[in-house]
Amino acid sequence: MKYTFGTGNEAASRLEEISKFFNPLASALLTQYIKKSPAIAFDIGCGPGFTTDMLYQAIKPHEIYGLDNSPVFLDIAKSRFPHCHFIEHDITVAPFPVMGDVMYARFILSHLPNPVEVIKNWVTQLKTGGTIVIEEVEAIETEIEVFKLYLSTNEALVATQGAHLFVGQELAGKNYDAEILIDDCAILPVADSQAATWFLPNTTTTWRQSEFVQKRLSPPEIENISNALFKLTNSEDKASHTVWKMRRIVLRQN
């Protein structure tokens, strides 16, 4: 798989900021369904390890592995979280290094074609009775015009890889050859200033290196979007005109 939004230090810093918001919510979801410490847990598409550490802290597995195909992200993860094991592995390919009791995946299926089949493949790597928890964006609804332009550009960019930015829409109500414990949509208001801090880095890194974006937007247009996002990041107004809709799926291998 290829990360649409890069694997450098800037991308890692962006993911760290995003994790500060989403990790506490994910931890609460995990502890709702994982009642005792498992032997082996996997963070699928672990990136620079912020979700791996969250998974470890939430359910205290005896062993925890982060799987990813980015050597850059894995090096960052190994240096930040030495209590976790990180392995370079294509997460679309089975078998995994070992079978897992618990798996967690967030914001990774939006980079992959055929996400339902990918999940079915993951299920085969769970031990009997094992649980997989998945969180993906289903929609981002906003009244902020610069956010709408930013999101439409990213949605089109992701589509060039055969993937879907709002992949949660494709995941709802599907059969995964496993028991479905939940398949719902969480509504999460996000302050405009906070959302802007997540969006801004892509306009100054990935967008400037993407041939697709360069053809879609002129340099002045990209600059105007960056400036508008930067202005919002410095706003002291904590109002929210933006809502994340997160598809949450919990499956059990029977």
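Note that this is a predicted model, so its numbers are computed, not measured. Counting begins at 1 with the first residue of the sequence.
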Just how far is it from atom [atom1] of [X] to atom [atom2] of [Y], taken to the nearest 0.5 Å?
{"X": "N114", "Y": "E170", "atom1": "CG", "atom2": "CD", "result": "9.0 Å"}
{"X": "L15", "Y": "F50", "atom1": "CG", "atom2": "CZ", "result": "7.5 Å"}
{"X": "N154", "Y": "L165", "atom1": "CG", "atom2": "CG", "result": "6.5 Å"}
{"X": "E155", "Y": "H164", "atom1": "CD", "atom2": "NE2", "result": "5.0 Å"}
{"X": "T52", "Y": "M54", "atom1": "OG1", "atom2": "CE", "result": "8.5 Å"}
{"X": "M103", "Y": "L251", "atom1": "CE", "atom2": "CG", "result": "11.0 Å"}

Under 3.5 Å, side chain of [X] to main-chain N/O of [Y], donor-acceptor pair present?
{"X": "S240", "Y": "V190", "answer": "yes"}
{"X": "Q194", "Y": "A191", "answer": "no"}
{"X": "S152", "Y": "K148", "answer": "yes"}
{"X": "E136", "Y": "F107", "answer": "yes"}
{"X": "Q169", "Y": "V137", "answer": "no"}
{"X": "Y176", "Y": "L171", "answer": "yes"}
{"X": "Q253", "Y": "V123", "answer": "yes"}
{"X": "S210", "Y": "T206", "answer": "no"}
{"X": "D192", "Y": "L232", "answer": "no"}
{"X": "D68", "Y": "G47", "answer": "yes"}

Student check: side-chain heavy atoms of [X] and [Y] closer than 4.5 Å:
{"X": "L151", "Y": "F199", "result": "yes"}
{"X": "K238", "Y": "S193", "result": "yes"}
{"X": "Y65", "Y": "P97", "result": "no"}
{"X": "V167", "Y": "V158", "result": "no"}

**OP:** Can you establish whether the number of heavy atoms outside F230 located under 6.0 Å from its atom CZ is more than 12?
**Re:** no

Original post:
Does CG in N227 sit with more than 12 non-hydrogen atoms of other residues, nucleotides or ligands closer than 6.0 Å?
Top reply: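 Atom CG in N227 is crowded, with more than 12 foreign heavy atoms closer than 6.0 Å.
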
Can you name the closest pair of heavy atoms from [X] and [Y] and give their distance?
{"X": "P95", "Y": "H89", "result": "O-CE1, 3.3 Å"}
{"X": "F86", "Y": "G49", "result": "CE2-CA, 4.0 Å"}
{"X": "F21", "Y": "P189", "result": "CZ-O, 3.9 Å"}
{"X": "H241", "Y": "A239", "result": "CE1-CB, 3.8 Å"}
{"X": "H111", "Y": "A163", "result": "C-CB, 3.6 Å"}

Original post:
Pick from T203, T142, N202: which one makes a side chain to side chain donor-acceptor pair (under 3.5 Å) with Y150?
Top reply: N202

**OP:** Check whether the side chains of R208 and S226 place a donor and an acceptor atom closer than 3.5 Å, and report yes or no.
**Re:**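 Yes.
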
Original post:
Are Y56 and D43 close enough that a side-chain donor and a side-chain acceptor fall under 3.5 Å?
Top reply: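 Absent: no donor and acceptor within the cut-off.
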
Original post:
Is it true that E16 and K20 make a salt bridge, defined as a side-chain N closer than 4.0 Å to a carboxylate O?
Top reply: no

**OP:** Using a strict 4.0 Å threshold on nitrogen-to-oxygen distance, state whether E138 and R247 make a salt bridge.
**Re:**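 A salt bridge links E138 with R247.
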
Original post:
Remaining members of I187's ILVMFWY cluster at a side-chain heavy-atom cut-off under 4.5 Å?
Top reply: V243

Original post:
Is the ring centre of W198 less than 6.0 Å from the ring centre of F22?
Top reply: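 Centroid distance W198-F22: below 6.0 Å, so yes.
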
**OP:** Kindly determine whether R14 and E10 satisfy salt bridge (Lys or Arg N to Asp or Glu O under 4.0 Å), including the steps that lead there.
**Re:** CA-CA 6 Å; R14 174 177 172 270; E10 297 90 348; over 6 Å; no

For residues 33-42, dump all side-chain donor-acceptor pairs below 3.5 Å to protein atoms at least two apart in sequence or in another chain.
unit_1	atom_1	unit_2	atom_2	d
K35	NZ	Q32	O	3.1
S37	OG	I59	O	3.4
S37	OG	K60	O	3.1

Would you tabulate the side-chain donor-acceptor contacts of residues 115-122 under 3.5 Å, counting partners in other chains and residues two or more places apart, or write 'none'?
unit_1	atom_1	unit_2	atom_2	d
N121	ND2	T92	O	3.1
W122	NE1	I91	O	2.8

**OP:** Please assess I140 against F147 for the test side-chain contact (heavy atoms from CB on, under 4.5 Å), listing each intermediate value before the final yes or no.
**Re:** CA-CA 9 Å; I140 300 175; F147 286 179; over 6 Å; no

